[in-house]
Amino acid sequence: MTKDAEKKDNKAQQYGVTPQSVDFNDWYNEVVKKADLADNSPVAGAMVVRPYGSALWENIQRWLDDRFKASDHESLIFPTLIPMGFIMKEADHVEGFAPELFTVNKIGTEELAEPYVMRPTSETIIGHMWAGWLNSYRDLPFLHYQWGSVFRAELRTKAFLRTSEFYWHEGHTAHAAEDEALAEVRMILDLYHEFCRDVLALPVVRGEKTATERFAGAVSTFSIEGMMRDGKALQSGTSHYLGQNFSRAFDVKFQTREQKEDYAHTTSWAISSRIIGAIIMTHGDDFGLIMPPRIAPVQVVIIPVGRKDNFSEMVAEGEKLAAELRAGGVRVRVDKRDGVTNGFKYNDWELKGVPVRIELGPRDLESGVVVVKNRNSDEKETLPRAEAVSGLAARLDAIHDWLYARAANFMLEHTTEVDDYETFKQKLEEGHWVRAYHCGDAACEKQIKEDTKATTRNVPLDDAEFFNERGEGQCARCGQPGAYGKRVIFGRQY
RNA sequence: CGGGGCGUAGCGCAGGCCGGUAGCGCACUUGGUUUGGGACCAAGGGGUCGCAGGUUCGAAUCCUGUCGCCCCGACCA
């Protein structure tokens, strides 16, 4: 190898990320680290969310929080520790979470008579408190949620997707009647769908989970499922109807208008920091991230281009432009770093997925233009400076639409309707989702999982944006009549 | 927890078989030249080789144990 070739080789190692097609998993891990989203921590299975990732999460929180409040939900704060006994009160719940609980059984050197667990979710302690707050049907509904982190020990972890401590909101509501609770469950599911579609540019399928995949302790579980660029499914949000399971376990009862006693119908719902994994894996490309513009921590980066003698002048011009954009509500950053070349900056911001880059150099200044480049295009455009400002909102919208269409097409192209088990297995092997009729039998589902590593993702709702057609057919595996009146989505999952 | 791999500078690695107390690229610092797609030159700083024990005059290198990480499975938002 010549010296130059050696240098080039070293650069290839140093810069950029492994292409998705070479190794999707390596690509993901490298993007997370190199884009400064997160880093490993000394605590096994727990990540550190770095400033760029934290800024993204804050934007996610802000949008959702506004919408929760706009629909009369109230936030509150519960303890991170939950008495061990609480977890034990709901049978399915214990079974579901027991293996992954972190337990606190000492204070200082003193053993606790009753250990605490680090909350894996808060239904139990919230139920306990509600019992004390609820007297009459007039008190209902309770529309509560909290932002925080929860703990579930994971054997194999992966940044954002599966960490032993993760961040989320958990919504908890209690209602006097079943239909009200179910309406809440649907309202939240639709809100999550809207958030994914209109803010994150993530196409997702709203549907109901089969019994096997239900939340521990729920009567019914609804989810939004998205497809990542390796064809795997990611459950991106969930909304559960808990019936009266938890209210009976925690004595959440009230007096009805008819002067009878009844247990509340409760719901719970969540989107976690996992959604950041969905953003990365749905929109990323071989150059790195592509941030959906409406949530991007930095929507526009301005690169002042100049030599030593006029660099500071160009920075000042960049700041002026930034101020105009900020006045229009745009999140913008000026890359003032000196001593790194422009090419380095371009690649750096592309890796971080900033939707729009504006270059501003002496030549541009002289002729009153700027050079604009979208993250999703190879083309640079030269625009009058004023148009770069006035046209920016539309430009960001166009990038959003482009991302959504690209992801939706990918999902549709990688989903196949099948009616026989051989094709079923083959398509899954090819990284597709499979839409098939299923008998609804848990043992049959389990067998499919053993054969293919795939599980049911969900049964799309009648008004789901994708895959919602009703129909009748035989189970693709066992030939028994389909149980859901439509095809079920099967896929390998994160 | 079962199978496989790996722990040497911030990152990526070489050295190990044939013991003699550590090297390369990138990153970092300083100075200079550069700057419209991952700059160049020069001079520097930084590790004692995951940890513990053993063999030896001497261990990154050999032996034993242990911890941690990654990948494949089982578990999972």
Side-chain angles (χ1 to χ4, degrees), chain A residues 1 3 6-18 23 25-26 29-30 33-34 39-45 95-101 120-121 149-158 160-170 192 209 213-216 218 221 223-226 233-240 268-278 287-288 303-311 314 335 337-351 357-365 369-371 373 378 380 382 449-450 453 455 493-494:
Chain A
M1 203 186 277
K3 208 170 184 180
E6 214 168 76
K7 251 180 202 169
K8 208 174 172 188
D9 196 54
N10 284 326
K11 263 183 190 162
Q13 280 182 9
Q14 191 60 34
Y15 294 115
V17 291
T18 301
D23 189 322
N25 192 52
D26 283 351
N29 290 142
E30 290 170 25
K33 284 203 172 175
K34 293 191 174 184
D39 203 354
N40 293 332
S41 84
V43 179
E95 200 182 324
F97 285 110
E100 29 190 271
L101 294 176
T121 178
S149 68
V150 288
F151 300 81
R152 301 179 190 177
E154 294 290 345
L155 299 175
R156 283 184 61 190
T157 58
K158 195 174 167 79
F160 294 112
L161 296 180
R162 224 176 12 243
T163 49
S164 286
E165 179 178 6
F166 62 88
Y167 306 89
W168 73 351
H169 66 260
E170 47 180 321
Y192 288 169
K209 287 288 195 183
E213 298 292 317
R214 223 174 254 154
F215 174 71
T221 287
S223 73
I224 48 173
E225 302 282 336
L234 186 74
Q235 178 174 307
S236 303
T238 49
S239 186
H240 312 288
S268 71
W269 27 273
I271 280 181
S272 75
S273 41
R274 167 177 266 197
I275 197 78
I276 291 175
F287 299 101
I303 314 285
V305 176
R307 292 168 183 263
K308 195 149 236 165
D309 52 339
N310 60 14
F311 182 69
M314 296 318 301
D335 191 339
R337 285 178 292 180
D338 202 355
V340 272
T341 60
N342 298 306
F344 183 89
K345 292 179 183 177
Y346 300 158
N347 284 287
D348 194 28
W349 292 110
E350 280 167 11
L351 174 62
R357 179 177 85 223
I358 300 180
E359 298 167 30
L360 182 54
R363 296 204 299 265
D364 306 317
L365 186 61
V369 300
V370 292
V371 174
K373 183 180 170 304
D378 292 332
K380 286 189 186 184
T382 302
K449 188 177 179 184
E450 276 174 30
K453 290 190 264 184
T455 54
Q493 71 289 162
Y494 278 98

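Below, all heavy atoms of this structure are taken into account, side chains as well, without hydrogens, waters or symmetry copies. Residue numbers begin at 1 in each chain, while the letters A, B, ... track the order of the sequences.
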Base, sugar-phosphate, or nothing: which does [X] touch, judged by heavy atoms less than 4.0 Å apart?
{"X": "Glu225(A)", "value": "nothing"}
{"X": "Asn40(A)", "value": "nothing"}
{"X": "Lys453(A)", "value": "sugar-phosphate"}
{"X": "Lys449(A)", "value": "sugar-phosphate"}
{"X": "Val371(A)", "value": "base"}
{"X": "Asn347(A)", "value": "base"}

### Query
Within the pair Ser272(A) and A77(B), is there a side-chain N or O less than 4.0 Å away from OP1 or OP2?
no
### Query
Are Leu101(A) and Phe151(A) close enough that some pair of their side-chain heavy atoms sits under 4.5 Å apart?
no
Please report the distance, rounded to the nearest Å, between [atom1] in [X] and [atom2] in [N].
{"X": "Ile276(A)", "N": "A77(B)", "atom1": "CD1", "atom2": "P", "answer": "18 Å"}
{"X": "Asp23(A)", "N": "C71(B)", "atom1": "CG", "atom2": "P", "answer": "10 Å"}
{"X": "Asn342(A)", "N": "G36(B)", "atom1": "CG", "atom2": "P", "answer": "5 Å"}

Would you indicate which nucleotide in [options] comes nearest to any side-chain atom of [X]?
{"X": "Gln235(A)", "options": "C71(B), G36(B), A77(B)", "value": "A77(B)"}
{"X": "Arg162(A)", "options": "C71(B), G38(B), A77(B)", "value": "A77(B)"}
{"X": "Arg357(A)", "options": "G37(B), C75(B), G38(B)", "value": "G37(B)"}
{"X": "Arg363(A)", "options": "G37(B), G36(B), A77(B)", "value": "G36(B)"}

Is there a Watson-Crick or G-U wobble partner for [N] with both distances under 3.5 Å, and which nucleotide is it?
{"N": "G7(B)", "value": "C67(B)"}
{"N": "G2(B)", "value": "C72(B)"}
{"N": "G38(B)", "value": "none"}
{"N": "G58(B)", "value": "none"}
{"N": "U29(B)", "value": "A43(B)"}
{"N": "U48(B)", "value": "none"}

### Query
If we require ring centres under 5.5 Å and near-parallel planes under 30°, does Trp168(A) stack on A77(B)?
no
#### Entry: Aromatic plane relationship, Phe215(A) with His240(A) - under 30° parallel, 30 to 60° tilted, over 60° perpendicular
parallel
